[in-house]
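Here the structure comes first, spelled out in structure tokens, and everything after it is commentary.
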Number of protein chains: 2
Amino acid sequence: MVVTTRRRPGLGTNQELARRHNLGTVLRHVHGAGQISRAELTGRMGLNRSTIAALVNELEALGITERALPAEGIPRQGAGRPSAGVRIAEDGPFVIAVDLGVDRAVVARIGLGGRVLQRSQAPVRSDGEAWQVGAAVAGLIRCVVEGVPDAAQLVGIGISVPGLVRNSDGLIRLAPNLEWHDVSFGGIVLAALGLDVPVSIANDADLGALAEHVRGVAVGVDDLIYVSGNVGVGAGVIAGGVRLEGAGGYAGEVGHLRFNPAGRECHCGNRGCWETEVGAHAIAEAIHCPSDKVAQLDEVLAGFGEPSPAVRATGTALGHGLADIVNVFNPRQVVLGGYFRSLYALVGPEVEAALADRALPAPLESVTLTLPGLGSDSSLLGAAEIALEPLFVDPVAALGTALVGVGTRLAG
Amino acid sequence: MVVTTRRRPGLGTNQELARRHNLGTVLRHVHGAGQISRAELTGRMGLNRSTIAALVNELEALGITERALPAEGIPRQGAGRPSAGVRIAEDGPFVIAVDLGVDRAVVARIGLGGRVLQRSQAPVRSDGEAWQVGAAVAGLIRCVVEGVPDAAQLVGIGISVPGLVRNSDGLIRLAPNLEWHDVSFGGIVLAALGLDVPVSIANDADLGALAEHVRGVAVGVDDLIYVSGNVGVGAGVIAGGVRLEGAGGYAGEVGHLRFNPAGRECHCGNRGCWETEVGAHAIAEAIHCPSDKVAQLDEVLAGFGEPSPAVRATGTALGHGLADIVNVFNPRQVVLGGYFRSLYALVGPEVEAALADRALPAPLESVTLTLPGLGSDSSLLGAAEIALEPLFVDPVAALGTALVGVGTRLAG
DNA sequence: CGCCGTTCCGTGACGCGGACAACAAATTCT
DNA sequence: AGAATTTGTTGTCCGCGTCACGGAACGGCG
């Protein structure tokens, strides 16, 4: 796993800061690999054995990691004393991840290492008020923390939302499919739970990109784009190993790229946005899918056999739009999420051909088009990642704000 | 000045690394401010006074900075002993910046702090072979290092090129207006000089963005886009305080965004790229400018009085394209460079109106449209910045690869 | 004009984190 | 089974940043 951390600009490096960074980086490696040997850690981090040992001991003292048998996992290569492993502790810290979809909400309890410990979901009415959805999500959360050992610490809650989220405070500026404007969903959920823990909220495509980068198909790829077809079309961008957020957190809104000025009207007020050609409603129309099944477009497309000319044309439109994205961002990998997964399975060649036709040679030659490695869980796991993030920046501080005994607290 | 530095992924922070980072950061502050007091440094970097003192002493011992009188500069506010200043040393390290335009090359000797010490330029034939241009640039460089004190050290050469530059090795993949393909211009210049110093090459729009971010109109703005109209149209992106490069270094190629599928053919092979509407040739045609003056379009436009309807339409097309850019990148500032400067001066209201019409409300509300603060020198100063960059990462190492006595060496 | 408060510089003592060396332990290769 | 190799552990040292103290320069005030 490679997530480049970014420094605040002009600040110097205090040696205490350096230590916190090192502690967090060790944890990041354990998180990424699930289990890792101390020898591997010394190699990857470029620090001395004894330094690594001290850091690992501190993590163990904090109850985050535990010793593992050396032989476990890889069979071993070469001679020498086998290195003792470091792995995530049972009953270690965990987060709650929420994936708010257009027609259902998924909630999971996820531990370090990305392990889904418990999981629950429920349908959500797309015309529901925010507080109703919040109450439903709170119910799922209560369900998911049932029976959690009291020692385990809740680090935070991460929420994936199909809409524009302001990064400064997590306000949902606009979620078209939920018909929400300026909703402080984090506060609503916390109020419904009666808790106070850190809440991180972000756009679903951004989180999909993050998850695919950390544990999906794009591990080791520092420049990737996750293009997600939900009802709307959005993209999440990882550039140089870091999430591209933009000034307000709205970067990656590719759905309203100018595609065909003579096209049909878009709900944004313009004409011929890309979304009017490859959005769910446009595709549903092209395949004569009833409008109440638009939210399940992925399943509908997955049931298709031979693609009709209309579907082929949609694939071409997808590829042409991707060409713009490839030209502008020059990613190494483009991951197609949401219903684009089954669309690509149907008309992959058309998409590739259209992309190759319109993209510039230089950015085209290094890009690959792939499906997500995490299936439909990308956004959920991405929500877990942003909730875990404070732990990698400063484990001690993050555990300081964490909550213990959440199971009994929410039950009683 | 704020340039966020990025860490390599999983590496731990050696305490030697921390010290180098701190030393470089001090220098970065001095570079940004020109002159700065030690007290200011302690405040900005959050380190102890004595730590700052040690770092400043080391920079002085290296001959990079020197003590300045306290009273100089700001009149002082509040009582107390005035803080001794730190400023860039005379005869300190310098770089050579090259701005390769479509019809002329500008070469400057630039010191730390962004001071242009010497400067020279010459016309360049747009159909020239790369080695001819390289020889001309080498001549300008010889001219610019004339009379340099032997003690001053040449840190590197930075080159700005109107084209696609591969970031891994600085190869110019494509420079349409120079008709270059896969040219290793850095090597050509070094060979013509008979020197061996670090050479950094990058796209002119990228460097314009960097320069405006460091010392231009976008100081303190971490998310900005410099949209440059030269003969082609390109953009440089700073996101989160860091240059957005993309996998190969080609990010920001906005000239070939799909604009009007029914439009005219573009030299890239597609139809209706944005460049066919707001590129130099399109504008020249709209204002009936003779084709041999296309390279001087900026001056031609600056001489205009009342804009004609055709020019107004061009402004609208510019604004519509900028809307796509604002939606996708969500910048806080968009800087219009090249001939877009005089175009904006003519039809600013049309550009703003078209942008407001097509951009999404959320990203629109935080963006401002401005002209460059460095005029036509943005790219040149950006070239100096990338050449200076190693000095801020590790001053000691950068001075190790620097050259002394360049003046006599190139003269003899 | 002289005193005082303020702010800053310089120096030395201290604490801490990381590197290094030496030794013990565990496993593979021959 | 012994040699070789690699790792974990411990103790020591060194470098770096912080803290505390004294001295210095300046403005304000009487």
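We name chains A, B, ... by the order of the sequence lines, and we start the count at 1 in each one.
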### Query
Tell me: CG of B/Leu47 to P of D/dG15, nearest whole Å?
20 Å
## Note on the structure
Taken to the nearest whole Å, CD/A/Glu60 to C1'/D/dT9 is 14 Å
### Task
Could you list the residues that satisfy side-chain contact (heavy atoms from CB on, under 4.5 Å) with A/Arg166, not counting sequence neighbours?
A/Ser168, A/Asp169, A/Leu171, A/Arg173, A/Tyr250
Protein and nucleotides 9-12 of chain C: nitrogen or oxygen contacts under 3.5 angstrom:
from   : atom 1 : to      : atom 2 : distance (Å)
C/dC9  : OP1    : B/Ser83 : OG     : 2.3
C/dG10 : OP1    : B/Arg67 : NH1    : 3.3
C/dG10 : OP2    : B/Arg38 : NH2    : 2.8

### Query
What heavy-atom pair brings A/Gly92 and A/Ala152 nearest, and what distance separates the two atoms?
O-CB, 3.7 Å
## Note on the structure
A/Leu55 CG to D/dT9 C1', in whole Å, measures 15 Å
### Query
So, are A/Glu385 and A/Arg243 salt-bridged, with charged N and O less than 4.0 Å apart?
no
### Query
Starting at NE2 of B/His21 and ending at C1' of D/dC16, how long is that distance when rounded to a whole Å?
15 Å
### Query
Nearest-Å distance, CD (A/Glu40) to C1' (D/dT7)?
14 Å
### Message
Before you tell me yes or no, could you show the steps for A/Val116 and A/Leu381 under side-chain contact (heavy atoms from CB on, under 4.5 Å), namely the whole-Å CA-CA distance, both residues' side-chain angles and the distance that decides it to 0.1 Å?
### Response
CA-CA 9 Å; A/Val116 177; A/Leu381 292 173; 4.2 Å; yes
## Note on the structure
Separation of D/dG11 atom P from A/Asn48 atom CG, nearest Å, is 16 Å
### Task
Indicate whether OP1 or OP2 belonging to C/dG17 is found under 4.0 Å from a side-chain N or O atom of A/Asn22.
no
### B/Val237 versus B/Asp206, closest heavy-atom pair with distance
N-OD1, 4.2 Å
### Summary
Quick note, side chain to side chain donor-acceptor pair (under 3.5 Å) partners involving residues 148-159 of chain A, not counting sequence neighbours, are none
### Query
Starting at CD of A/Glu58 and ending at P of D/dT9, how long is that distance when rounded to a whole Å?
15 Å
### Query
In whole Å, what is the span from the CD1 atom of A/Ile36 to the P atom of D/dG8?
12 Å
